[in-house]
Amino acid sequence: MHSVRADATARSAHGLPFLKFVCLLLALLAFSIPTFAQKPRLQVDSYVIDADITPATHHLIVKARVKVTALDDVTTLPFELHNALGIPKVTDQAGKPLQVERVTQDSTVRVLLPTALTANQSTTLTFDYQGTLNTAEDSPVEGLKLAHIGAGDDLTYLLYAGRWFPLVGYGTDRFSATINVTVPNGLTVVASGNAALPQPAAGGKSTYTFVQTTPSFPGTVIVGNFAKAQTTVAGNIHMFFTPAHAKVANDWAQTAQKEQEFFSSIYNGAPTDKLNVVELPADTVPATWAPDIVAISSREIGDKVNYRLLANLIAHQWWGVDVSPATRNDFWITEGMARYSEVRYVESIAGKAGFEEATKDMEVGALAHDEVPLSQVGKLDMFSPEFQSLTTDKGGMIMHMLRWYIGDDAFNKSIRAIMAQFRNKPITAQQFRQSIEQASGQKLTAFFAQWLDGTGAPEFKNKYTVYRIQKGFRVVGDITQDLDLFHMPLEIRVDTDGKSVTQRIDVEGTQSQYVIETFGRPRKIVIDPGNWVLKNSPDLRTRVAILRGQQQVAQGALTDALKEYQKALDINKNSSLASYRIAEVFFLQHNYQAAANSYRDAINGDGDPKWTEVWGHVQLGKIFDVSGQRERAVNEYRQAIQTNDNTQGALDEARKYLQKPFEPPPSQ
């Protein structure tokens with residue numbers, strides 16, 4: 001699933017000012033395209049695609065030769081195809097025309113065969129079609145462009161998710177491809193596979209050829225006038241940024257190289273000998289990935305490298321490209337591993353504090369929509385936040401817990417064994433579990449049954465008594481939680497006047513006893529101090545409600561968003577983040593008085609996260625500017641500057657509006 005659930009600073013409920021979150025949520029949704037829910041009856045083995053692009057008229061002409069194999073006896077072959085591309089002329093391998101039906105509701109075309117294909121029988125079909133791609137009207141995802149032919153200096157992008165070629169088994173059906181792309185001279189084409197030198201074509205054009213011999217998920221093509229970026233990294237990182245961002249290309253290349261080296265070290269080598277880092281325009285998704293490619297929207301490219309977003313994309317070269325899910329129920333394996341790979345990179349460079357915050361982000365996403373067992377996630381719409389939260393964040397938390405459950409060495413050994421066994425192959429949940437068990441030597445049936453087949457997470461409560469004994473102190477306690485079938489080890493740390501004592505206990509059922517002896521007097525008892533186990537808490541429930549509210553805003557449901565944010569305030573009336581999110585909604589509605597009240601609540605709240613103070617002052621300044629109170633606006637901008645907190649460019653924003661009053665865009 002070519003999805004992104006990553007951002008360096010705006011991750012789940014503790015993200016930065018909400019516009020950033022909305023952009024990333026669109027990426028999260030954009031690649032969750034509904035596919036056929038029934039058991040697949042067809043697979044594509046290979047493509048030979050000839051695509052002719054005419055930027056001046058936004059026009060695309062395609063001839064696609066598609067080799068397919070029936071998985072069952074079939075007389076109708078369904079393919080997904082962008083609705084803006086006309087009904088194709090389809091011929092069989094003898095050149096005879098076949099009847100084709102267009103179903104616009106699910107962006108499919110159905111090819112009717114005169115005689116049935118029997119199971120395991122293969123044939124080759126040729127599709128001829130064309131169309132104009134310059135709006136989001138006929139997109140597979142309503143309102144979001146995934147395929148666009150850009151005119152002038154605009155970039156062209158034909159994303160795999162845009163279904164610009166006849167597609168089967170989105171995200172699960174691996175295929176090889178030869179893709180020939182003809183463009184006007186002077187443009188550069190980036191795509192997956194081995195690239196040949198461009199060859200002259202008629203009409204002042206050139207043809208680029210890309211050959212992907214290993215079955216995977218090629219099909220993303222990006223075309224533009226890219227700058228010749230000068231970088232100081234090794235030759236396997238290739239930068240394709242526009243001239244506007246050429247000056248930061250080297251910083252992004254260096255970060256990409258470090259991340260690729262880190263993942264290569266923990267996964268025993270890289271799946272590809274090259275990596276293309278490509279800029280996307282701002283009118284599509286914030287980021288995507290494909291074999292050999294990570295693509296990032298221009299709005300995400302700045303002087304400060306978004307290293308978490310980049311890490312997530314690069315990790316998909318291992319988890320998505322190299323190893324892929326066998327079915328929709330298995331997406332949690334690759335999406336979860338890509339997410340957790342990102343978190344492990346954070347751990348390697350940001351230490352314990354960064355690791356803990358990244359883990360909390362996963363917890364929030366994992367609990368946001370935990371009503372469906374992960375083992376049954378395939379029945380959800382892949383376009384839904386529920387599917388995304390479960391596969392990406394709960395999947396990531398399963399990897400996090402598994403690492404602690406079996407130990408670092410066993411986890412790393414197991415994951416490397418999976419990479420070796422399933423390289424360039426799909427993997428099922430059962431195969432994943434069996435491989436982990438075999439490599440680690442541990443039986444994990446109960447672990448996976450609990451976290452794949454169950455829902456919810458325990459909320460631990462601790463009651464204890466401290467006794468004085470001859471050689472120190474004895475703590476006798478009870479851990480209670482509300483899930484009767486829960487069974488997991490759990491760490492308990494006792495902080496004392498001297499050395500802390502940590503003990504691993506077995507929690508089984510709703511009540512479990514423990515006894516811990518210490519030399520120093522116990523001062524504090526902490527359950528799961530390393531935050532290794534997915535669990536509920538008032539803080540998590542607050543953050544979950546805020547995340548759900550943000551998802552509602554992204555879908556335009558502002559009233560429902562306010563209800564979710566209010567739930568967060570009901571749990572924590574001093575939540576600065578909940579108040580800030582409420583203020584954002586009121587600001588979007590032009591209810592400036594209510595917005596100002598909530599921004600003040602955010603400034604005077606619990607200060608978590610810290611940026612709510614500086615951005616609260618900036619937003620108050622904007623409100624005063626809009627209402628014609630310049631002196632009060634200037635005062636707020638100055639207070640913002642006094643915080644010395646430039647999170648997400650807050651101080652730059654404040655200084656800008658000190659010089660010139662804020663004016664809302666015409667659309668406001």
Side-chain angles (χ1 to χ4, degrees), residues 266-268 318-319 323-327 329-341 343-344 359 362-363 366 370 372-378 390-391 393-423 425-458 460 479 481-492 502-514 527-535:
I266 63 176
Y267 298 137
N268 272 357
W318 284 264
W319 303 102
V323 179
S324 58
T327 71
N329 283 334
D330 305 310
F331 269 72
W332 67 270
I333 301 172
T334 52
E335 290 303 299
M337 273 303 304
R339 182 77 158 98
Y340 195 54
S341 298
V343 172
R344 292 190 72 178
T359 302
M362 283 196 304
E363 285 185 301
D370 194 21
V372 175
L374 201 50
S375 60
Q376 300 175 30
V377 72
L390 287 168
T391 58
D393 285 314
K394 190 170 183 182
M397 278 304 300
I398 286 178
M399 305 307 175
H400 179 65
M401 291 187 288
L402 185 62
R403 176 186 171 191
W404 176 75
Y405 191 92
I406 65 176
D408 263 13
D409 290 343
F411 180 79
N412 291 330
K413 176 184 176 182
S414 300
I415 295 303
R416 287 172 178 169
I418 288 172
M419 292 298 305
Q421 182 179 356
F422 292 95
R423 175 156 284 136
K425 296 177 183 177
I427 187 172
T428 67
Q430 182 179 8
Q431 290 170 331
F432 182 82
R433 175 180 62 80
Q434 290 173 342
S435 296
I436 295 286
E437 288 180 336
Q438 182 177 0
S440 68
Q442 300 188 40
K443 190 68 174 175
L444 299 169
T445 304
F447 174 90
F448 283 102
Q450 179 164 283
W451 296 111
L452 288 185
D453 299 327
T455 60
F460 297 115
I479 298 292
Q481 54 84 35
D482 52 352
L483 300 181
D484 181 53
L485 297 181
F486 183 81
H487 184 196
M488 267 291 276
L490 189 71
E491 281 186 346
I492 298 178
T502 300
Q503 185 168 306
R504 188 160 169 160
I505 70 168
D506 201 36
V507 175
E508 185 174 351
T510 58
Q511 185 173 4
S512 303
Q513 290 188 334
Y514 66 90
I527 297 175
D528 189 25
N531 201 29
W532 287 102
V533 178
L534 179 61
K535 55 190 174 299

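In this text the structure is predicted, and so the values were computed from the model without any measurement.
- Contact of the Phe486 side chain with the Lys535 side chain is not registered, since no non-hydrogen atoms from C-beta on lie closer than 4.5 Å.
- Residues Ala326 and Pro426 approach most closely at CA-CB, 3.7 Å, considering heavy atoms.
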Applying side chain to side chain contact (heavy atoms under 4.5 Å, CB included) to His400 and Val343, what does each step give before you reach the verdict? CA-CA 9 Å; His400 179 65; Val343 172; 5.7 Å; no
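- Of all non-hydrogen atoms in Thr455 and Asp370, the two that sit nearest each other are CB-O, 3.4 Å.
- Considering CD1 of Ile406 and CD of Gln442, their distance stands at 6.0 Å, rounded to 0.5 Å.
- A distance of 3.5 Å separates CD1 in Ile527 from CD1 in Ile479, rounded to the nearest 0.5 Å.
- Summarising the local packing, CG of Asp409 is surrounded by 12 or fewer heavy atoms from other residues, nucleotides or ligands at distances under 6.0 Å.
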Does the side chain to side chain contact (heavy atoms under 4.5 Å, CB included) test come out yes or no for Trp451 and Leu374, once each step is laid out? CA-CA 8 Å; Trp451 296 111; Leu374 201 50; over 6 Å; no
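- Within the 4.5 Å cutoff, no side-chain heavy atoms of Leu390 are placed close to those of Trp332.
- Within 6.0 Å of CD on Gln376 lie more than 12 heavy atoms contributed by other residues, nucleotides or ligands.
- Distance CD1/Ile398 to CZ/Arg339: 14.0 Å, rounded to 0.5 Å.
- Side chains of Phe460 and Asp528 form no contact here, defined as non-hydrogen atoms less than 4.5 Å apart.
- Counting heavy atoms from C-beta on, the side chains of Ile415 and Met337 come closer than 4.5 Å.
- Using a 4.5 Å heavy-atom threshold, the side chains of Leu402 and Leu444 count as touching.
- The aromatic rings of Phe447 and Tyr405 sit tilted, their planes meeting at an angle between 30° and 60°.
- Shortest non-hydrogen contact noted between Asn329 and Gly378 is OD1-N, 2.6 Å.
- Taking 4.5 Å as the limit, some side-chain heavy atom of Pro529 sits within range of a side-chain heavy atom of Glu491.
- With values rounded to the nearest 0.5 angstrom, Glu363 atom CD is found 4.0 Å from Asn531 atom CG.
- For the residue pair Leu534 and Met401, the shortest heavy atom distance occurs at N-SD, 3.3 Å.
- Residues satisfying the salt bridge (charged side-chain N to carboxylate O under 4.0 Å, His left out) criterion with Arg423, sequence neighbours excluded, are Asp322.
- The CH2 atom of Trp532 sits 11.0 Å away from atom CE of Met488, with the distance rounded to the nearest 0.5 Å.
- In this pair, Trp319 and Tyr267 present their aromatic rings perpendicular. The plane angle is above 60°, beyond the 30 to 60° band.
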Determine, stepwise, if the pair Val323 / Met419 fulfils side chain to side chain contact (heavy atoms under 4.5 Å, CB included). CA-CA 7 Å; Val323 179; Met419 292 298 305; 4.0 Å; yes
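- Shown here for Val533 and Pro489, the closest heavy-atom pair between the two residues is CG2-O, 4.1 Å.
- No hydrogens or angles considered: nothing links the side chains of Asp330 and Thr428 as a donor-acceptor pair under 3.5 Å.
- Between Met397 and Ala366, the shortest heavy-atom contact is CG-CB, 4.1 Å.
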Could you go through Glu335 and Asp393, starting from their C-alpha distance and side-chain angles, then the distance that decides it, and tell me whether this counts as side chain to side chain contact (heavy atoms under 4.5 Å, CB included)? CA-CA 8 Å; Glu335 290 303 299; Asp393 285 314; over 6 Å; no
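- The salt bridge (charged side-chain N to carboxylate O under 4.0 Å, His left out) check on Glu437 picks up Arg433, with sequence neighbours excluded.
- No side-chain heavy atom of Ile492 sits under 4.5 Å from any side-chain heavy atom of Gln503.
- The side-chain hydrogen bond (donor to acceptor under 3.5 Å, both in side chains) test applied to Arg403 returns Tyr340, Glu347, Asp408, not counting sequence neighbours.
- Side chain of Ser414 to main chain of Ala439: no donor-acceptor pair is present (N/O by atom type, distance under 3.5 Å, no hydrogens or angles).
- Taken from CD1 in Ile427 to OG in Ser435, the straight-line distance is 5.5 Å, to the nearest 0.5 Å.
- Looking at heavy atoms from C-beta onward, Ile333 lies out of side-chain contact with Pro325 at the 4.5 angstrom threshold.
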